[in-house]
Amino acid sequence: QAQLVESGGGLVQAGGSLRLSCAASGPTFGRYVMGWFRQAPGKEREFVAAINWSGSSTKSADSVKGRFTISRNNDENTVYLQMNNLKPEDTAVYYCAARKGTVVTLTVIDYDYWGRGTQVTVSS
């Protein structure tokens, strides 16, 4: 069973950058698809980006394409989300998630394990 802990959130001005990290415990981290989701106040949790076990396949939401990049280091059991050119509408709690299997999916219910989230606030 995977346990996930996010870090790297904070307050940043519009146009700035942050890098989120998700540290995963468990010996089978390399077998999981890893994803990032976010949830703004009053809104449903939404997909941001995901990556397969080898890093050869990634998917991103249209709203973040060209600005956010997901990556992973299986030796360190860590997945990252590099966020550039941040906008106020990116403000949300960001969650790391893990999914058993090999297919990168975009749906919340497809993911088996979740972290507690890290707050990202972008000021205008």
Side-chain angles (χ1 to χ4, degrees):
Q1 181 172 352
Q3 292 185 326
L4 310 173
V5 179
E6 303 95 336
S7 62
L11 173 64
V12 63
Q13 288 187 335
S17 298
L18 284 173
R19 188 175 81 155
L20 304 183
S21 300
C22 173
S25 64
T28 59
F29 170 77
R31 300 179 186 176
Y32 294 125
V33 169
M34 300 299 297
W36 286 97
F37 292 77
R38 65 187 182 186
Q39 188 166 16
K43 295 187 177 181
E44 293 186 351
R45 193 169 297 188
E46 65 175 7
F47 170 78
V48 176
I51 187 168
N52 72 341
W53 70 274
S54 67
S56 62
S57 176
T58 63
K59 292 185 179 179
S60 300
D62 289 342
S63 59
V64 305
K65 281 182 180 177
R67 300 188 299 123
F68 291 11
T69 302
I70 188 170
S71 62
R72 67 190 294 165
N73 184 327
N74 289 340
D75 291 336
E76 296 183 354
N77 282 12
T78 304
V79 62
Y80 302 97
L81 185 68
Q82 178 66 44
M83 305 187 295
N84 298 328
N85 190 22
L86 282 159
K87 304 176 181 180
E89 50 264 42
D90 294 319
T91 295
V93 177
Y94 283 70
Y95 296 92
C96 176
R99 176 178 186 274
K100 298 176 184 177
T102 59
V103 177
V104 176
T105 65
L106 286 62
T107 308
V108 170
I109 60 173
D110 287 338
Y111 286 77
D112 302 293
Y113 307 106
W114 293 84
R116 293 189 175 185
T118 185
Q119 176 70 47
V120 171
T121 303
V122 184
S123 62
S124 58

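The shown structure was predicted, so the numbers you read here are calculated from the model rather than taken from an experiment.
- Closest non-hydrogen pair, Tyr94 versus Leu81, comes out as CD2-CD2, 4.2 Å.
- Hydrophobic clustering keeps Trp114 apart from Leu20 (ILVMFWY residues linked when any side-chain heavy atoms are closer than 4.5 Å, directly or through intermediates).
- Closest approach of Gly8 and Leu18 over heavy atoms only: O-CD2, 3.8 Å.
- Going from atom OG of Ser21 over to atom CZ of Arg72 covers 13.5 Å, rounded to the nearest 0.5 Å.
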Handout entry: Criterion salt bridge (Lys or Arg N to Asp or Glu O under 4.0 Å) on Glu6 and Arg116, from CA distance to verdict
Key = CA-CA 7 Å; Glu6 303 95 336; Arg116 293 189 175 185; over 6 Å; no
Practice task
Go through Thr102 and Asn52 one step at a time and tell me if the side chain to side chain contact (heavy atoms under 4.5 Å, CB included) criterion holds.
Solution key: CA-CA 6 Å; Thr102 59; Asn52 72 341; over 6 Å; no
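- A heavy-atom distance below 4.5 Å is not found between the side chains of Tyr95 and Val108.
- Val104 and Val64 sit in two unconnected hydrophobic clusters of ILVMFWY residues. Membership requires side-chain heavy atoms under 4.5 Å apart, directly or through other members.
- When side chains are defined from C-beta on, Arg38 counts as touching Glu46, because their heavy atoms get closer than 4.5 Å.
- Under 3.5 Å, the side chains of Tyr111 and Arg99 contain no donor-acceptor pair of N or O atoms.
- Follow the hydrophobic side-chain contacts under 4.5 Å out from Phe68 and you never reach Phe37; the two are in separate clusters.
- Summarising the geometry of Ser17 relative to Asn85, their closest heavy-atom pair is OG-N, 4.3 Å, with the distance given to 0.1 Å.
- A donor-acceptor pair under 3.5 Å is absent between the side-chain atoms of Ser56 and the main chain of Ser54, judged by distance alone.
- Residues Met83 and Tyr80 do not share a hydrophobic cluster, clusters being chains of Ile/Leu/Val/Met/Phe/Trp/Tyr side chains in contact below 4.5 Å.
- Side-chain atoms of Asp110 and Val33, non-hydrogen and from C-beta on, never get closer than 4.5 Å to each other.
- Scanning all heavy atoms of the two residues, the minimum distance from Ser124 to Ala14 falls at CA-CB, 4.4 Å.
- Under a 4.0 Å N-O distance rule, the pair Lys65/Asp62 qualifies as a salt bridge.
- Here the shortest heavy-atom pairing between Asn74 and Asn77 reads O-OD1, 3.0 Å.
- Residues Thr91 and Gln119 form a side-chain contact, since some pair of their non-hydrogen atoms from C-beta on lies under 4.5 Å apart.
- Linking ILVMFWY side-chain heavy atoms closer than 4.5 Å, directly or via other members, places Tyr113 and Ile51 in a single hydrophobic cluster.
- Of all the heavy atoms in Leu4 and Met34, the pair that sits closest is CD2-CE, 4.0 Å.
- Looking at Cys96 and Trp36, their side chains come closer than 4.5 Å, going by heavy atoms from C-beta outward.
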